[in-house]
Number of protein chains: 4
Amino acid sequence: MPEKPSRLTSRLESLRPETPVAASQGAKPKAAKARGTRTQSAREVRSAARKEAILTAALEEFSASGFAAARLEDVAKRAGVAKGTIYLYFDDKEALFQELARSMLSPVVGHIETFATTDVPFRMLADNIVDVMVREVLTTRRKDIIRLIISEGTRFPALAEFYHREVLSRVIAALRVVLQRAVDRGELRHKALIEFPQLLGAPLLVAVIWNSVFGTFSPLDARAMLKAHIDILLDRGGA
Amino acid sequence: MPEKPSRLTSRLESLRPETPVAASQGAKPKAAKARGTRTQSAREVRSAARKEAILTAALEEFSASGFAAARLEDVAKRAGVAKGTIYLYFDDKEALFQELARSMLSPVVGHIETFATTDVPFRMLADNIVDVMVREVLTTRRKDIIRLIISEGTRFPALAEFYHREVLSRVIAALRVVLQRAVDRGELRHKALIEFPQLLGAPLLVAVIWNSVFGTFSPLDARAMLKAHIDILLDRGGA
Amino acid sequence: MPEKPSRLTSRLESLRPETPVAASQGAKPKAAKARGTRTQSAREVRSAARKEAILTAALEEFSASGFAAARLEDVAKRAGVAKGTIYLYFDDKEALFQELARSMLSPVVGHIETFATTDVPFRMLADNIVDVMVREVLTTRRKDIIRLIISEGTRFPALAEFYHREVLSRVIAALRVVLQRAVDRGELRHKALIEFPQLLGAPLLVAVIWNSVFGTFSPLDARAMLKAHIDILLDRGGA
Amino acid sequence: MPEKPSRLTSRLESLRPETPVAASQGAKPKAAKARGTRTQSAREVRSAARKEAILTAALEEFSASGFAAARLEDVAKRAGVAKGTIYLYFDDKEALFQELARSMLSPVVGHIETFATTDVPFRMLADNIVDVMVREVLTTRRKDIIRLIISEGTRFPALAEFYHREVLSRVIAALRVVLQRAVDRGELRHKALIEFPQLLGAPLLVAVIWNSVFGTFSPLDARAMLKAHIDILLDRGGA
DNA sequence: AATGAATGAGCGTTCATTCAT
DNA sequence: TATGAATGAACGCTCATTCAT
């Protein structure tokens with residue numbers, strides 16, 4: 001069913017833009033003049049592209065090596081710029097890291113609440129969530145951001161708070177609405193989920209971590225597992 | 001109920017020794033010749049204590065800073081030895097890290113299979129597992145090892161494999177036995193769990209990560225969540 | 001007496017133009033073709049103004065930070081031009097520095113010899129010198145040039161030689177004439193001054209350095225000190 | 001006369017030790033345990049020697065290039081140590097610089113007041129001061145320290161204050177005593193010197209600066225100039 | 001065995017200089 | 001002519017590792 005993009009799916013998918021997009025569009029090095037919506041000059045376009053290239057490269061390097069071990073020179077090389085160029089766009093290594101995380105998260109932020117406002121049967125919603133998670137998280141670089149936050153969150157409290165405030169707490173609030181409604185409608189029996197919506201997301205976390213840490217020698221069928229989880233919660237497939 | 005250590009509990013708890021124990025017995029610096037089982041000389045005892053002190057210190061530093069950012073000098077200081085002393089017991093930083101992880105995991109390994117051989121009602125077993133996890137993982141440094149493996153696993157494939165082979169795959173196998181039996185006995189309806197025992201452990205992972213990353217400003221009642229999860233799986237507390 | 005600008009004073013003061021004046025007239029960026037004396041086009045005027053702005057800014061930055069630590073970007077910012085523009089007028093940082101020093105010194109050069117040709121009583125001349133030094137050196141940016149030459153002279157032998165040749169040796173020669181005449185006339189007893197006219201200027205150096213280094217927390221009344229010095233040389237104010 | 005070291009001379013010369021001596025003798029890297037006067041271990045001796053070697057090398061490099069342009073690697077090379085070794089003894093480049101200045105000044109500090117307590121005819125004292133200045137300042141590295149303070153004082157206010165407080169203000173106070181006594185005894189006519197003892201020292205400053213900046217191509221006979229200055233103040237050699 | 005001073009490769013960051021626009 | 005983004009050599013500083021004591 002999720003194969004044929006329903007209206008719901010497409011709405012849920014609107015968190016799409018996977019490539020890191022700086023909050024400020026016309027990424028003028030260091031001084032991003034947000035001058036409304038205007039046609040960008042060639043230079044502005046090039047600048048924005050460069051910033052994105054750096055962010056993309058940074059994501060790859062940070063994912064592969066972690067914050068401390070990642071070398072800015074490698075980021076530069078991968079982005080096809082000189083070492084110094086990074087500093088035209090970011091104050092320092094830490095700022096690059098934090099902006100990276102934020103820029104990957106920001107597009108998500110705006111679309112989270114849609115969950116709650118979408119009025120569809122819970123099982124359909126659940127199926128779709130699984131689908132979106134697989135397509136938008138597990139098979140994209142967003143899973144790497146999640147891992148980075150797990151790995152470095154303790155060392156970057158500001159980032160952890162940002163992620164918690166802008167993403168997790170909203171997701172949880174939205175899920176609570178959805179779950180409450182499902183319970184009210186008799187679509188879901190487990191009221192405990194309302195208190196701990198984390199239980200709904202837990203398998204996603206397992207999938208992300210498992211496949212990144214053990215995936216090479218023991219891959220896990222994330223989609224199947226997520227579906228199984230939903231089935232359990234909905235008493236489906238039990239026989 | 002778990003308050004009064006039942007026979008089961010105590011067996012499960014026997015994975016106790018939380019302090020890192022060197023895999024090699026006598027811990028002769030560098031050339032650990034395990035010369036049969038012999039009463040250790042005073043020097044050997046002192047040496048083993050030193051190694052343990054270093055491992056304990058290393059765990060704390062690695063947990064706090066991650067592998068790359070942790071400073072061996074800080075480890076030494078915390079362990080009360082000189083920087084050079086570390087190299088009498090470990091080849092290099094990486095070896096220290098790997099031995100640390102292994103030494104923390106090893107005691108666990110031996111006791112995992114007990115799960116499968118313990119023949120108790122599933123719901124009792126499940127409750128006990130929750131209890132043990134909280135006491136032996138979430139409130140001890142073992143949670144830090146889990147986080148370290150999540151954070152550094154990609155950079156240390158050997159460690160990831162070790163952990164997968166010696167811990168996870170065994171735990172999963174044991175859980176499968178237990179879960180199969182529970183299904184067979186009609187104690188559990190969700191056969192899907194047999195295919196994905198990870199779903200049983202997922203909330204533990206969430207608890208570990210959540211409290212370490214967001215715990216300071218948004219603590220999560222891990223025990224309550226784990227219990228809620230069990231209740232859901234067992235259809236308890238629902239109605 | 002020096003209060004009412006006598007003819008002497010005004011002549012001494014003619015070393016006035018404090019703003020740096022480019023040695024090259026029309027200041028055509030880089031290729032300063034001095035095309036005879038012609039009315040400068042609007043563009044040439046603007047160009048000359050720009051060069052001056054850069055020199056003024058450079059003086060401030062070099063004075064504040066020294067040659068090595070001064071940042072060309074700051075010079076540009078202060079001059080209100082882009083970084084690259086500096087290179088339209090100067091070959092590199094060092095050339096900017098040397099031209100700066102030369103341009104500040106050049107106007108002085110032309111007027112030094114006037115000392116010798118002015119035929120006034122020594123004590124009047126001496127008083128005026130004090131006055132001019134205070135007004136034209138100590139309270140202007142020329143003191144900064146002196147400090148810069150002291151600080152950087154060793155690293156810029158060409159500059160040191162230039163300063164010595166074009167300024168110091170001339171001043172000294174002129175002073176010798178003046179001093180000799182004063183001795184001959186019986187206005188001055190200390191023949192040794194003729195050999196070491198530096199002794200006449202020494203207090204000026206002290207004033208410049210003292211006030212720039214210790215001035216903030218222990219200011220020195222330069223004028224009073226210079227006057228005291230003259231009084232000593234002239235045996236005034238003693239009894 | 002100054003040729004035959006009189007008692008006075010030797011007293012004045014007691015500011016001798018020219019090689020930089022760290023305030024704390026047994027220069028244990030970073031943690032200088034000042035444990036009274038004790039025989040230093042071989043290691044302590046070697047450590048102190050190293051610190052001195054670094055300071056000496058630093059003086060040379062800083063003198064030659066100025067603070068900003070001096071390269072720590074060159075300091076290390078000159079001192080015969082590795083780059084990192086410097087950081088065992090000094091926190092950073094700035095600390096090295098400040099400690100250098102202080103260590104060169106400290107031995108001076110203790111001996112300044114002797115001027116005032118020495119009760120000899122002023123002209124003898126003056127001659128001796130000239131002599132000591134030439135031997136202990138102009139022909140040693142102390143002149144470099146003076147130049148460094150002139151050059152970098154503005155950028156290192158703490159150093160400027162230290163120098164002013166510990167050296168200059170004391171010298172000036174001591175000179176005032178001496179000068180006052182000379183005036184009282186009728187040995188000196190110029191009372192103005194009491195207000196501005198700087199006038200006594202001004203030629204020394206000129207000599208230091210002149211010879212370091214123009215010395216190569218136009219050396220100045222500092223001793224002769226200083227003597228001439230004294231002669232002027234004392235009305236000697238006039239007729 | 002234990003120490004900790006010493007090393008030097010390595011990395012983050014700066015900034016003079018260049019050059020496409 | 002003027003700009004300022006881009007470059008990359010250079011340098012301060014760190015820290016894993018070694019080794020004389």
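Just so we're on the same page: letters track the sequence lines, and every chain starts at 1.
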>> Closest-nucleotide mapping onto DNA chain F: is A:R50 or D:A68 further toward the 5' terminus? I mean the 5' end.
In response: A:R50
> Between B:R71 and D:R71, which has a closest nucleotide on DNA chain F that is more 5'?
Replying inline: D:R71
> Taking the six-membered ring of B:F67 as reference, does the NZ or CZ atom of B:R155 fall below 6.0 Å from its centre and within a 45° cone about the axis?
Replying inline: no
>> Just the rounded figure in Å: distance from C1' of E:dG12 to CG of A:D74.
In response: 13 Å
>> Ignoring hydrogens, what is the shortest heavy-atom contact between B:L72 and B:I86? Give both atom names and the distance.
In response: O-CD1, 3.6 Å
>> Please check: side-chain N/O of A:K51 versus main-chain N/O of A:F90, any donor-acceptor pairing under 3.5 Å?
In response: no
> Rounded to the nearest Å, what distance is computed from the OH atom of residue A:Y89 to the P atom of nucleotide E:dT13?
Replying inline: 18 Å
> When we call it a touch if two heavy atoms are under 4.0 Å apart, what does D:A70 touch: a base, just sugar-phosphate, or nothing?
Replying inline: sugar-phosphate
> What's the CD-P distance between A:E73 and F:dA10, to the nearest Å?
Replying inline: 14 Å
> F:dA2 P sits how many Å from C:F90 CZ, rounded?
Replying inline: 12 Å
> Is A:R78 paired with A:E61 through a side-chain N to carboxylate O contact shorter than 4.0 Å?
Replying inline: yes
>> Output the pairing pattern of DNA chain E as a dot-bracket string, 5' first, Watson-Crick or G-U wobble with both distances under 3.5 Å, | for cross-strand pairs, [ ] for crossing pairs.
In response: .||||||||||||||||||||
> Quick one: on DNA chain E, does B:A82 or D:T85 contact a more 5' nucleotide (nearest heavy atom)?
Replying inline: B:A82
>> Using whole Å, what does the distance between atom P of nucleotide E:dC15 and atom CD1 of A:I86 come to?
In response: 17 Å
> Among C:I145, C:L148, C:D144, which residue meets the side chain to side chain contact (heavy atoms under 4.5 Å, CB included) test with C:M104?
Replying inline: C:I145
> Quick one: D:L88 CG to E:dG4 C1', roughly how many Å, whole number?
Replying inline: 9 Å
> Between E:dC15 atom C1' and C:L96 atom CG, what is the distance in whole Å?
Replying inline: 15 Å
>> Could you check whether any side-chain N or O of D:E73 sits under 3.5 Å from a backbone N or O of D:K83, counting only pairs where one atom can act as donor and the other as acceptor?
In response: no
Using atom names, set out every protein N or O paired with an N or O of nucleotides 17-21 of chain F below 3.5 Å, distance rounded to 0.1 Å.
| residue | atom | partner | partner atom | Å |
| --- | --- | --- | --- | --- |
| F:dT17 | OP2 | B:Y87 | OH | 2.8 |
| F:dT17 | OP2 | B:K93 | N | 3.0 |
| F:dT17 | O5' | B:Y87 | OH | 3.4 |
| F:dT17 | O4 | B:K83 | NZ | 3.2 |

>> Set out, in order, the CA-CA distance, both residues' side-chain angles and the distance that settles side chain to side chain contact (heavy atoms under 4.5 Å, CB included) for B:E99 and B:Y89, then state yes or no.
In response: CA-CA 10 Å; B:E99 255 198 65; B:Y89 295 89; over 6 Å; no
>> Looking at B:L100, is its backbone amide N or carbonyl O close enough to the side chain of B:S103 to form a donor-acceptor pair, meaning the two atoms are under 3.5 Å apart?
In response: yes
>> Please classify the nucleic acid contact of A:A76 as base, sugar-phosphate, or nothing, using heavy-atom distances under 4.0 Å.
In response: nothing
> Phosphate oxygens OP1/OP2 of E:dG4: is one of them under 4.0 Å from a side-chain N or O of D:R46?
Replying inline: no
>> Nearest to the D:V81 side chain among E:dT3, E:dT7, E:dA6, which nucleotide is it?
In response: E:dT7
>> Give me the atom names and distance for the closest heavy-atom approach of B:G153 to B:A160.
In response: O-CB, 3.9 Å
>> Quick one, D:T154 with C:R147, criterion side-chain hydrogen bond (donor to acceptor under 3.5 Å, both in side chains). Give me CA distance, side-chain angles, the key distance, then yes/no.
In response: CA-CA 11 Å; D:T154 321; C:R147 275 198 66 237; 2.9 Å; yes
> Quick one: D:F97 CZ to F:dG12 P, roughly how many Å, whole number?
Replying inline: 14 Å
